[in-house]
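Okay, structure first, notes after.
Convention: sequence-line order gives letters A, B, ...; per-chain numbering from 1.
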2 protein chains.
Amino acid sequence: MSFLSHLSSIISISKSLESELDIITKQVNFQKNQSVKEIGNRCNDLYFVEKGLLRGYYFDNGKEITNWFAQENEFATSLYSLVAMKPSPEAIEALEECTLIQLPYSSLQNLYIKFPETERLGRIIMEAYYIKLEERLLNIQFKTAKERYHNFILSKPTLLQRTSLGQIAGYLGITQETLSRIRAEV
Amino acid sequence: MSFLSHLSSIISISKSLESELDIITKQVNFQKNQSVKEIGNRCNDLYFVEKGLLRGYYFDNGKEITNWFAQENEFATSLYSLVAMKPSPEAIEALEECTLIQLPYSSLQNLYIKFPETERLGRIIMEAYYIKLEERLLNIQFKTAKERYHNFILSKPTLLQRTSLGQIAGYLGITQETLSRIRAEV
DNA sequence: TTCCTTTTTTGACATTTGTCAAATAGTTTG
DNA sequence: CAAACTATTTGACAAATGTCAAAAAAGGAA
């Protein structure tokens, strides 16, 4: 239910849109450590996290790098793969037992046409995600590893408990040894 | 005219939308090195570059850091300021003589309401910009300074001639001394 | 051209972060 | 509980990049 209430905090959802959403979305469950999407496949779905925690990761020189986390009430997908319709270099994994709302991209396209008011929804969500990404870029580009870590603690305190050191390190763009040392420093 | 043709490459623009766009946009010109927007002001406008080159920059520890470039057929604004309606930490400057299309955010909001098909336009543009930003983040996060520079040469060759060393260095997240050394290396 | 200003390069050195290897701590499972 | 994993920490050192200062080069203006 949190999917609908999240959407209706952005635009008002008519009854007919609500039932359409009900038809095209599917609730899916994943267990802890289960793979949601593997590398190389096209990502055809948009996910919304109702419960649990996802991470996106990929490989860089044989090393697994966590690229994002998506927790409750956040969307997750490989946007690049979705929009460009190309294979995704990115995998998605459940870090906890998850309840996700799955929305196939093709259904989303139809939804945009059938319910044009959802375009607004799409735009507003994209704007918000863009701003978040911009903040993250500035953070990585101009802050030291220590500053980034402290920023992470402030902005995503709950993730500290729910993820591993190596995952956070990748997300912050540093090695886990460096992160371990930053932690020890205090 | 390139503004309209750029938009119509994304969605079809009806006559009435075209004349509405004509009413709400204004062509503005800036000279080389002229300031388009200063730091601390709210950014109320979206710009489209018809001719010339803009850069966005801000100050980090007293140092001026170029954050983005916008060349012909690209949009430019401080999205954060625009969407959050807060003062922008970012300034915009013309690096060359520029012809811009200026669209006030309030007019854009009305446009979204009056011509709902423009929501689609907004969404698609946001998606494309998001993907670009994502690529840039990955680049900065996991590539060496040298790799980033070579990437820049490949992806934005024309900007090499049109910008200064210091501006490129800031954009790549390195100091200009380092960039100078990378150049010398070859 | 010549002076003046700005941009770029170079040098010497400091700092940050990465790499690889090993030790320790923590968790899970039989 | 013990064995077997897995995650985290630590050490020694290397590599990348930053800092500050000065020199050289390039670009404009008188």
Assert: residue with more 5' nearest nucleotide on DNA chain C, out of A:K143 and A:E177, is A:K143
Of A:K32 and B:T163, the one whose nearest nucleotide on DNA chain C sits closer to the 5' end is B:T163
- Message: Whether B:E127 and B:R123 form a salt bridge (side-chain N of Lys/Arg under 4.0 Å from carboxylate O of Asp/Glu) is what I want to check.
- Response: yes
Hey, is A:E117 close enough to A:R120 for a salt bridge, meaning N to O under 4.0 Å?
-> no
Expressed as a whole number of angstroms, how long is the span from [X]:[atom1] to [N]:[atom2]?
X      : N      : atom1 : atom2 : answer
B:Q176 : D:dA25 : CD    : C1'   : 14 Å
B:I168 : C:dT7  : CD1   : P     : 13 Å
B:R181 : C:dC13 : CZ    : P     : 13 Å
A:F142 : D:dT17 : CZ    : P     : 15 Å
B:I174 : C:dT16 : CD1   : C1'   : 16 Å
A:L179 : C:dT16 : CG    : P     : 16 Å
B:N33  : D:dG27 : CG    : P     : 15 Å
A:E185 : C:dT17 : CD    : P     : 10 Å

Compute whether any side-chain donor of one residue and acceptor of the other, for B:R183 and B:Y149, lie under 3.5 angstrom apart. yes
ask   = With no hydrogens and no angle check, is any side-chain donor or acceptor of B:S81 less than 3.5 Å from a backbone partner on B:K86?
value = yes
Selected nucleotide, minimal atom distance to [X] side chain, candidates [options]:
X      : options               : value
B:A184 : C:dT10, C:dT9, D:dT17 : C:dT10
B:T144 : C:dT19, D:dT17, C:dT9 : D:dT17
B:T175 : C:dT10, D:dG18, C:dT9 : D:dG18

Report task. Would you classify A:K146 as touching base, sugar-phosphate or nothing, given that sugar-phosphate means primed atoms plus P, OP1 and OP2, and contacts are heavy atoms under 4.0 Å? Result -> nothing
* Report which part of the nucleic acid B:S164 touches: base, sugar-phosphate, or nothing (heavy-atom distance under 4.0 Å, all strands). => sugar-phosphate
Practice prompt. Decide if atom CD of B:Q109 counts as having more than 12 heavy atoms of other residues, nucleotides or ligands within a radius under 6.0 Å.
Written response: yes
Compare side-chain N and O positions of B:T178 against OP1 and OP2 of D:dT17 and report whether any pair is under 4.0 Å apart.
-> no
